[in-house]
Each structure stands twice: as structure tokens, then as C-alpha cells.
**Student:** 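Take this structure first; my questions come after.
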Amino acid sequence: MKKIFFAIAVSILLFPRVIAQQLKSPNGDFTMEFTLMDNGIPVYNLSYKDQEVIKPSKLGLELKNDGKSLLNGFSITDTQTTTFDDTWVPVWGEVNEIRNRYNELEVHLKQEGTERVLRLRFRLFDDGLGFRYEFPEQPGLTYVVIKEERTQFAMTGDHTAFWIPGDYDTQEYDYTESKLSEIRGKMEAAITPNVSQTQFSPTGVQTSLMIKTDTGIYINLHEAALIDYPCMHLNLDDTNMVFQSWLTPDARGDKGYIQAPFETPWRTIIVSDDARDILSSKMTLNLNEPCKIPDTSWIKPVKYVGVWWEMITGKSSWSYTNDFPSVKLGKTDYSKASPNGTHAANTEHVKEYIDFAAENGFDGVLVEGWNQGWEDWFGNSKDYVFDFVTPYPDFDVEEIHQYAKSKGVKMIMHHETSGAVRNYERHLDKAYQFMNDHGYEAVKSGYVGDIIPRGEYHYGQWLVNHYQYALEKAAEYKVMVNAHEAVRPTGISRTYPNLIGNESARGTEYQAFGGNKPNHVTVLPFTRLLGGPMDYTPGIFEMNISKLNPENTSHVNATIANQLALYVTMYSPLQMAADLPENYKRFPDAFQFIKDVPVDWDDSKYLEAEPGRYITVARKEKGASNWFVGNVNGNETRTSKIKLDFLEKGKKYTATIYADASDAHYKTNPQAYTISTKTVTYRSLLKLRSASGGGYAISIIEK
């Protein structure tokens, strides 16, 4: 016994890490090791197919006014391993069922001197790793103020990354592709103007972060189940290639107020040697709690049109009058104002959209600028900016409600807060009840501008809690939520499926603000969409914005075929046909695809994928045998080759192919497309050319 003890003691002295706890994924592709280094510092590392993808990385939390913090001095008091394998059915989604299979390691840590207890929970799936910190109820650790979370993600080299600047207030940036070592040098050019933005570091980036190694391994870093905690960014030590978590602070500079018992969000690492696996991963959803809404029958996917793009382009206005430089709700008398003649949200114009929706099979109509206050809504840190229930004189709420009802169309509410979050919370119950009373089943909320309470950020703990409060309050009123400018989604739509969409990234609106990069839509599914669907608002057919507004020289950097494909590649149960009805009437044959494509699916197959280059997806219509295919292409012209072996054997289908014409180009000839039909089976192989900024869309209908 003495010899054995001596041998163990020697091994501990010779090696800085002590007694590794090892966890393998169910399929054996992943191995995660947890250890305590010298001085009791928690460390993990991750390997994929025997190749290290995350080098030994430290874990811990720095606490405010706490000399020791939860960084070191730990010993392991217990470990528990479990396995889990279950299948659940989403209310809406890319597939009709999702398997949730993982192996779990729970590590109990005790800190010497303070006797504080911390738990680390690791879940290793077949597509990656999720882990979180847990604070059990205990006498010595009840209320905690976090100074910073010290979670590391140590890279194995100078990888290629697709990144946007770290920012406490916005994600509305184009993606930059660069080596990790180049982030610092490219940061200034990557920061483009926004009405509310706060960067924190020349090497700070946002999650979801997509990375590719020189050996062809794809790595995605993100978080799941962001509840009652600040949003996590990543700050890069570009000397050692180590990312460290960087939480969004509050107005006082604090980074989180915790009351035990408590669990942090999951930190996620999705890995594969096939880019298609990153897109098809459901790990983020699986790390969220099951649905908490008992009756979900009222939650329905929506395809809609709206009074929106004409204001975005500057053709029309949100405001009713030009008479008032200052508005005080309840005091400003709009009955005495002169209409400006450009206000889009008027009864007759909205009826035209309702007619268009009814004629073409759309579920809903969104109307922005319907409520009083848009003359004085932005840039003045104004608290009482909207009341969410008082319409302009030219917008008859009840008449529109009855007209839409007679046409079988649902109206979609718009709640812009102008960042005045406290004001919104004061009015939420009344606003949601107003929606119930007038037939609005879904709301698009907005948080443009700096936040009130002043000094708070869009992605801090206070605002994260607000977004969740608004979502749960909406569920009480059976209201579906599409939140713009909110914190990026982290899979919470599993728990609250009335969250049918978010913006939280650079969307189509920026095509009217100078344009997006042509390959932007080949990156978003690898980044922003891993946390939940995006209300990207596709379907623009007129690329020259000056034809709508001569003073706006922006250009939509996409072909028509590319815009059609987005309805398949940019998954969302909420899809808008964003262009003006008159532009769809100019191209009725291409518009047919938008009319036909569903917004809910039984199955999805990722056929081709490379971040920043191309994505090709096939999806099976919910409750039907029809399939729809979308391909979006990046900067370089490419020939796409796809097999249709996902089709049912023994059946024939008619494929209608909407493709770029031979001379199509996103800039010089974006409206050039061809439409062809052919009979296909599961044996068919298609070769289609995708232009720069182009793509194709296919409807495959069983004969």
C-alpha cells in the first residue's frame, strides 16, 4: 500500500493536472476531459475523432468584492455520470421530431477556505458539448454579483472565423471572414454605423461564432438557454488564441446578479468535419427546457405581407403629419393636424394589402406606423413615446379588423418601443388585451435606439429578463412574438414556442440602407440561426431602390432566384414577402414560388454547405409529400450538383426549377431568371448554375 500511494503521489507532483474525469459522446466521436490543475483551477478540453479541438481551458467566475472568487482552490467532492435518450415533438420546426441523446458528467466542487460549493454540468452529444455552472443552495453563497465569467475556449491554432464585432447593443453587422490573428486589424472596418452600438474590445466578437480549422474541422461557439443572465460575448487573446467569455454589463458595470440556487446558461461547442452537420444540429434546442405552454394549439406558423418595405426604402412614412416637432401622447391633438400625404398605415392602403394577402394565400398583414407618436419617436431618450393602443386618425382599427376577418386574413400588430422598455412594461397588459380585442394574434416588437432605463444595454441581464417577461406575458394572452433588436435567440423557442421569430441580426432592411454582402445569407444559418429562426424578411424583386425612392441609391445585392431560395435556406415559421405588391405583379411566375412554399416542415436535408460560400437545403412540407429546395450562393459563380435521393422510391414528381439565367449577376443583372419543369424521381441528379449572389429554388410536387 505504501508503494502504491507513493506512485500516485509522484504522478501528482510530476503533472500539473490531476486525475482527469473523462466523458465520451454516445457515438464515441467526442471525448471531453475535466481536471483540476495546480491550485485547484477547473479545466476542460475537447477532442473530436481523436483530434483536439479545444485545448485545456480554464473555468471559473470572478465575483465582485470577493478576493478569492470562484476561480481556484477547488477540490472534487463527488462526480456523477448519467445517460439520456429521448425524442420530443416541436410545435413547429425543421423536422417533426428531435432526438435528445447525451452522456452527462456532473462535478461537485468545494473551495478550500470558503467552503463554497460549485457544480459543473457537462453534456456531451453526438454533435458537441454543452456545459454550465450551477450554484446549489448553501449558507456561504446566496447572493452573488458577477464581475466577470472566466470561461475559456482555447483554440488549437490560428483558425478562420466568420465574425461580427462584439457589441452590447447590436448584431446588425455584415460578417467578416478572417484568421483569428487578423481580427484586431480588421475590427475598425467591421464596425459600421448603427443607431445604438457599444463595442468593448478590438478583439471582441459575438456568438454564435463560426470557425473552420486548416484541417477541415468546423467549430461553433455559442450559448443556450439564456435566462436571467447577461448575454455572453467572446474576447480573444490573440497571442495565445484563447477566447474568454465576456458578459454584457449593466448600467453600473456589474455583469450579473445571482441568487442561489441558480444555473447559468449553457456554453456550447458544436463540432463536425462536415459543415452540413453544424446546420442540422439541434443541440441548442435540446439544452433548453421542454415546452411550458400547456395548450399550444393557437401557435401557428405565419406567411405574411406588410406595410413596411415602402417605409424602409423611404417611399412612404411611419408618421401621419409633419406639423409636430414634439408629441405628448394624450395632449397632442392629431385631429387638427394636416396629413403629410406619405403616411402608409391608412385604412384604404391597408385594405389593399389585405386584398393582396387574401388573393395570394397569405396568412397575415403587418402594419407599421399605425399608432400615434411617430413624429417624435427616436433619438431623444424619450420615455413615454408610445401607448400601443391609440391609432392615427386615418387608421380605423375596428374597420380593418372586420375587413381582414371577412377576407380570412389575420392582422399582425407592431409594437415599437424606441428602447423605452420601462414604458413598454407599463403598457403590456393593455396592449396585449387590445390585440385580443381586435384580432391580432402575433406582434412584431422593436427596440430601436438606446435603452431606458438609461445606461442599460440591449444584451444585459435587465433586458434579457424583460424580453423573457414580454414573451411569457404574451403567452398568457395567446400572442405570438417576433422581437426585433432583442438579444439573439438561444433555443428558448423550445420552451416558449410562441417566440416564432427574432431579428437580432443584419436583415433585409439593410439592403435599403446601402446593401448587405452578397454572401451574407450563406453565413447567417451557421451563426445567428443556430439559436432560433430569424425574421429575415426576404422576397425582394426590385433591386434598384431608387425606383421606389429616387433619393435612395441602395441596391439589393441578390438575384431574384436567390430571394426565392431564402424561404427554404433561412428557416423560420414566420416568413414575409417583403416587397411591394406591384413588384410581385411584375413577376407573377417567380412570385408563384413564394405563394407555394410552406413555412412548416416534417423533414429537412442539408445537401451542400460551406460557410460564406453556399448552402443547399431540401425540406419536406408538413403533412404532405411535397419537397422544396433552396440554394443560396456567395460571391463566386458555381455549379451546384444535388441528388434527389430523399424522395420516396417508386414515386414520380414534377420539379419546377427557378434558377439564375446564364447572364444573371446580383449587381448587373439581378432580375434574370429561368423557370423550367421536369419529371424527377429519387434517382434524379440535378446540376444547376448559381450566379454571384444568386441561387435557385425548386418545388417538387408528387404527381
Side-chain angles (χ1 to χ4, degrees), residues 301-313 315 352-353 356-357 359-368 409 412 444 482 484 501 503 505-513 515-516 518 520-521 524-525 529 533-545 547-548 554-599 615 617 619 628-633 656 658-660 664 666 670-673 675 693-699:
V302 177
K303 187 164 29 169
Y304 71 105
V305 296
V307 181
W308 175 73
W309 186 242
E310 58 190 278
M311 288 96 85
I312 292 294
T313 59
K315 180 179 185 292
E352 293 172 357
Y353 273 84
F356 182 77
E359 291 164 5
N360 293 283
F362 288 86
D363 305 298
V365 174
L366 166 74
V367 181
E368 296 196 10
V409 173
I412 299 174
K444 173 185 175 181
N482 166 29
H484 283 224
E503 183 192 41
R506 187 181 177 102
T508 298
E509 64 182 357
Y510 277 84
Q511 298 280 28
F513 303 158
N516 294 335
H520 186 56
V521 293
L524 281 172
L529 269 70
M534 180 178 178
D535 183 27
Y536 188 71
T537 60
I540 305 302
F541 281 11
E542 180 49 70
M543 313 308 177
N544 184 352
I545 303 302
K547 291 186 177 180
L548 283 70
S554 298
H555 186 274
V556 178
N557 295 323
T559 67
I560 283 182
N562 174 282
Q563 290 291 296
L564 297 180
L566 293 173
Y567 290 92
V568 184
T569 63
M570 294 283 290
Y571 168 69
S572 179
L574 178 76
Q575 292 282 19
M576 184 183 197
D579 211 337
L580 307 185
E582 51 262 42
N583 288 331
Y584 292 132
K585 292 174 182 178
R586 290 167 54 201
F587 304 97
D589 52 355
F591 184 54
Q592 187 62 46
F593 182 83
I594 299 178
K595 293 165 61 175
D596 292 341
V597 67
V599 288
I615 296 173
V617 190
R619 303 193 194 274
F628 292 78
V629 179
N631 163 269
V632 288
N633 192 40
T656 304
Y658 304 78
D660 290 321
Y666 77 88
Q671 294 173 325
Y673 61 89
I675 300 176
Y696 58 81
I698 311 172
S699 62

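Heads up: numbering here begins at 1 and tracks the sequence. No experiment lies behind these values; they were computed from the predicted model shown.
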**Student:** Side chains of V599 and P573, heavy atoms from C-beta outward: is any pair under 4.5 Å?
**Tutor:**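 No, their side chains stay 4.5 Å or more apart.
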
**Student:** State the CD-CH2 distance between E509 and W309, to the nearest 0.5 angstrom.
**Tutor:**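 Between atom CD of E509 and atom CH2 of W309 there are 8.5 Å.
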
**Student:** List the atom of H555, the atom of P670, and the distance in Å for their closest heavy-atom pair.
**Tutor:**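 Smallest heavy-atom distance, with atoms named: NE2-CG, 4.2 Å.
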
**Student:** Any sub-3.5 Å donor-acceptor pair from K303's side-chain atoms to K595's backbone N or O?
**Tutor:**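 Yes.
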
**Student:** Only one of N516, N562, T569, N633 forms a side-chain contact (heavy atoms from CB on, under 4.5 Å) with V521, so which one is it?
**Tutor:**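 So, applying the side-chain contact (heavy atoms from CB on, under 4.5 Å) to V521 and each of N516, N562, T569, N633, only N562 qualifies.
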
**Student:** What distance separates S572 OG from L566 CG, expressed to the nearest 0.5 Å?
**Tutor:**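 It is 12.0 Å, given to the nearest 0.5 Å.
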
**Student:** If you take all heavy atoms of A565 and V632, which pair is closest and at what distance?
**Tutor:**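 For A565 versus V632, the nearest heavy atoms are CB-CG1, 3.9 Å.
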
**Student:** Please give me the minimum heavy-atom distance between L564 and A590, naming the atom from each residue.
**Tutor:**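 So the two residues come closest at CD2-O, 3.5 Å.
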
**Student:** Residues in ring pair (Phe, Tyr, Trp, His ring centres under 6.0 Å) with Y666, at least two apart?
**Tutor:**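 Y666 satisfies ring pair (Phe, Tyr, Trp, His ring centres under 6.0 Å) with no other residue.
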
**Student:** Tell me whether Q575 contacts the main-chain N or O of V302 through its side chain, where contact means a donor paired with an acceptor under 3.5 Å.
**Tutor:**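 Pair absent, no side-chain N/O of Q575 close to backbone of V302.
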
**Student:** Please determine whether side chain to side chain donor-acceptor pair (under 3.5 Å) holds for the pair T559 and D660, giving the CA-CA distance in whole Å, both sets of side-chain angles, and the decisive distance to 0.1 Å.
**Tutor:** CA-CA 7 Å; T559 67; D660 290 321; 2.8 Å; yes

**Student:** Tell me, with the steps shown, if L524 and M570 meet side-chain contact (heavy atoms from CB on, under 4.5 Å).
**Tutor:** CA-CA 8 Å; L524 281 172; M570 294 283 290; 3.8 Å; yes

**Student:** Whether E542 and R586 form a salt bridge (side-chain N of Lys/Arg under 4.0 Å from carboxylate O of Asp/Glu) is what I want to check.
**Tutor:**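 Yes, R586 and E542 are salt-bridged.
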
**Student:** Tell me the closest heavy-atom pair linking A672 and A664, and the distance in Å.
**Tutor:**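 Smallest heavy-atom distance, with atoms named: O-CB, 3.4 Å.
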
**Student:** Closest approach of P538 and Q563, non-hydrogen atoms and distance?
**Tutor:**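 So the two residues come closest at C-OE1, 3.8 Å.
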
**Student:** With no hydrogens and no angle check, is any side-chain donor or acceptor of T313 less than 3.5 Å from a backbone partner on I545?
**Tutor:**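 Judged by distance alone, no pair lies under 3.5 Å.
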
**Student:** Checking Y536 side chain against Y571 main chain: does a donor-acceptor pair fall under 3.5 Å?
**Tutor:**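 Flag not set: sc Y536 to bb Y571 has no pair under 3.5 Å.
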
**Student:** With E310, which residues qualify under side chain to side chain donor-acceptor pair (under 3.5 Å), at least two apart?
**Tutor:**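 S316, H349, Y353.
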
**Student:** Walk me through whether F591 and N583 qualify under side-chain contact (heavy atoms from CB on, under 4.5 Å).
**Tutor:** CA-CA 9 Å; F591 184 54; N583 288 331; over 6 Å; no

**Student:** Using only atom types and a distance under 3.5 Å, with no angle test, would you say the side chain of D579 pairs donor to acceptor with the backbone of F541?
**Tutor:**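 Present.
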
**Student:** Got a second to check how far I698's CD1 is from T656's OG1, nearest 0.5 Å?
**Tutor:**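 Reported value, rounded in 0.5 Å steps: 9.5 Å.
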
**Student:** Please enumerate all residues that pass side chain to side chain donor-acceptor pair (under 3.5 Å) together with Y658, with sequence neighbours excluded.
**Tutor:**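 Residues passing side chain to side chain donor-acceptor pair (under 3.5 Å) with Y658: none at all.
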
**Student:** Can you name the nearest heavy-atom pair linking I594 to A577, along with the distance?
**Tutor:**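 I594 and A577 have their closest heavy atoms at CG2-CB, 4.0 Å.
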
**Student:** So, Q511 side chain and N557 main chain: donor-acceptor pair closer than 3.5 Å or not?
**Tutor:**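 Side chain of Q511 to backbone of N557: a pair is present.
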
**Student:** Assess whether salt bridge (charged side-chain N to carboxylate O under 4.0 Å, His left out) is satisfied between K444 and E503, documenting all intermediate values.
**Tutor:** CA-CA 10 Å; K444 173 185 175 181; E503 183 192 41; over 6 Å; no

**Student:** Taking atom types as modelled, is there a side-chain donor on Y673 or D589 under 3.5 Å from an acceptor on the other?
**Tutor:**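 Note: Y673 and D589 side chains meet the donor-acceptor criterion.
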
**Student:** Looking at CE of M576 and CG of L366, how far apart are the two atoms once the value is rounded to the nearest 0.5 Å?
**Tutor:**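 Taking CE in M576 and CG in L366, the distance rounds to 5.5 Å.
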
**Student:** Checking the side chain of N360 only, and the main-chain atoms of F356 only, is there a donor and an acceptor separated by less than 3.5 Å?
**Tutor:**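 Here the side-chain-to-backbone pair exists.
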
**Student:** Who are the side chain to side chain donor-acceptor pair (under 3.5 Å) partners of S554, not counting sequence neighbours?
**Tutor:**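 Partners of S554 under the side chain to side chain donor-acceptor pair (under 3.5 Å) test: N552.
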
**Student:** Do we see a donor-acceptor contact under 3.5 Å between the side chains of N482 and D535?
**Tutor:**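 Side chains of N482 and D535: pair found under 3.5 Å.
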
**Student:** Donor-acceptor pair, distance only, cut-off 3.5 Å: does the side chain of R619 make one with the backbone of V568?
**Tutor:**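 Answer holds: yes.
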
**Student:** Can you list the residues that meet the ring pair (Phe, Tyr, Trp, His ring centres under 6.0 Å) rule with Y696, with sequence neighbours excluded?
**Tutor:**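 Result, ring pair (Phe, Tyr, Trp, His ring centres under 6.0 Å) vs Y696: none returned.
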
**Student:** How many angstroms lie between CG in L580 and CD1 in I540, if you round to the nearest 0.5 Å?
**Tutor:**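 These two atoms lie 8.0 Å from each other.
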
**Student:** Give the intermediate values and the outcome of side-chain contact (heavy atoms from CB on, under 4.5 Å) for residues I412 and V367.
**Tutor:** CA-CA 7 Å; I412 299 174; V367 181; over 6 Å; no

**Student:** Can you tell me how far apart CD1 (I560) and CD (Q671) are? Round to the nearest 0.5 Å.
**Tutor:**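 Going from the CD1 atom of I560 to the CD atom of Q671 covers 4.5 Å.
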
**Student:** Is the gap between the ring centers of F362 and Y584 under 6.0 Å?
**Tutor:**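 Not close enough - the centres of the two rings lie 6.0 Å or further apart.
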
**Student:** Kindly write out the residues that satisfy ring pair (Phe, Tyr, Trp, His ring centres under 6.0 Å) with Y510, not counting sequence neighbours, or none if the list is empty.
**Tutor:**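 Expected list: F513.
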
**Student:** Checking F628 against D596 for the side-chain contact (heavy atoms from CB on, under 4.5 Å) test, could you report, in this order, the C-alpha distance in whole Å, the side-chain angles of both residues, the deciding distance, and whether it holds?
**Tutor:** CA-CA 9 Å; F628 292 78; D596 292 341; 4.2 Å; yes

